[in-house]
Amino acid sequence: MSQRPVRLIVVEDHAPAAEGLKKFLKAVGYEVFVATDVASALTLASSVQFDLLLSDLSLPDGDGWQLLQQLNAKHPIRAIAISAHNSPDDIQRSERAGFIEHLPKPLSPEKLCAAIERAAMAA
């Protein structure tokens, strides 16, 4: 009996990046749902069961830190930040917000998959 794939919500407002992430993550065996902003991520998170949030920090209607705060207010979730904003302050803010990891863009496929696996094992 096989285990079901890890279910991810990917929040990325740049359409080509979101599509690329979705294709790559599905190809390596994850189940992927995509949202393009905070509002659609909140809607998606309330309608699908997911294991991990993978969120960009700069979104058109807010930021990933706010998104994680709103989701964690309902129930604790595991999340990984992805961002081009990688100053020590940004990374520290991600940690304070509750992100398990903060990955710099451009994403390394190996580092991304390793971070997802670490987060999934932390469950």
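Given the structure is predicted, the values throughout are model-derived calculations rather than measurements. Below, all heavy atoms of this structure are taken into account, side chains as well, without hydrogens, waters or symmetry copies.
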Dump the intermediate steps for side-chain hydrogen bond (donor to acceptor under 3.5 Å, both in side chains) on His102 and Asp90, then the final yes or no.
-> CA-CA 9 Å; His102 180 115; Asp90 293 323; over 6 Å; no

Please step through side-chain contact (heavy atoms from CB on, under 4.5 Å) for the pair Leu44 and Val34, ending with a clear verdict.
-> CA-CA 8 Å; Leu44 188 58; Val34 175; 6.0 Å; no

Any side-chain heavy atom of Leu21 sitting closer than 4.5 Å to one from Leu107?
-> yes

Out of curiosity, does Ile91 fall in the hydrophobic cluster containing Phe99 (side-chain heavy atoms, cut-off under 4.5 Å, transitive links)?
-> no

Where do Ala45 and Leu71 come nearest, in terms of heavy atoms and distance?
-> CB-CD2, 3.5 Å

Check against side-chain contact (heavy atoms from CB on, under 4.5 Å), Leu53 and Ile80 | CA-CA 6 Å; Leu53 174 76; Ile80 296 172; over 6 Å; no

Check Leu52 against Ala79 and note the closest heavy-atom contact, atom names and distance.
-> CD1-N, 3.7 Å

For Thr43, the side chain to side chain donor-acceptor pair (under 3.5 Å) test, sequence neighbours excluded, returns none

Going by the salt bridge (Lys or Arg N to Asp or Glu O under 4.0 Å) test, which pairs reach into residues 29-38, not counting sequence neighbours?
-> Arg7-Glu31

Contact check, side chains of Phe33 and Leu8, non-hydrogen atoms, under 4.5 Å | no

Between the CG atom in Leu25 and the CG atom in Leu54, the distance rounded to the nearest 0.5 Å is 7.0 Å

Could you tell me whether the side chain of Gln92 reaches within less than 4.5 Å of the side chain of Glu95, counting heavy atoms only?
-> no

When clusters are formed by joining ILVMFWY residues with side-chain heavy atoms under 4.5 Å apart, either directly or through shared neighbours, do Leu67 and Val48 land in the same one?
-> yes

Would you give the length of the straight line joining atom CD of Glu101 to atom CG of Leu112, rounded to the nearest 0.5 angstrom?
-> 10.0 Å

Please examine the side chains of Val11 and Thr36, heavy atoms only from C-beta on, and report whether any two atoms are closer than 4.5 Å.
-> no

Enter the distance from Leu103:CG to Asn86:CG here, rounded to the nearest 0.5 Å.
-> 9.0 Å

Among residues two or more places apart or on two chains, list those pairs meeting side chain to side chain donor-acceptor pair (under 3.5 Å) that have a residue in residues 62-73.
-> Trp65-Ser94

Is there a side-chain contact (heavy atoms from CB on, under 4.5 Å) between Phe24 and Cys113 once you walk through the steps?
-> CA-CA 10 Å; Phe24 169 73; Cys113 289; 3.7 Å; yes

Contacts satisfying side chain to side chain donor-acceptor pair (under 3.5 Å) that involve residues 10-28 (not counting sequence neighbours) are Glu12-Lys105

Would you check, one step at a time, whether the test side-chain contact (heavy atoms from CB on, under 4.5 Å) holds for Leu57 with Ile82?
-> CA-CA 7 Å; Leu57 295 177; Ile82 54 174; over 6 Å; no

Which residue pairs pass the side chain to side chain donor-acceptor pair (under 3.5 Å) test with at least one member in residues 46-55, sequence neighbours excluded?
-> Arg4-Asp51

At their closest point, which heavy atom of Ala120 faces which heavy atom of Val6, and how far apart are they?
-> CB-CG2, 4.0 Å

Cluster link Ile77 to Val38, ILVMFWY, side chain under 4.5 Å = yes

Those residues at least two apart in sequence (or on a different chain) that pass side chain to side chain donor-acceptor pair (under 3.5 Å) with Glu117 are Tyr30

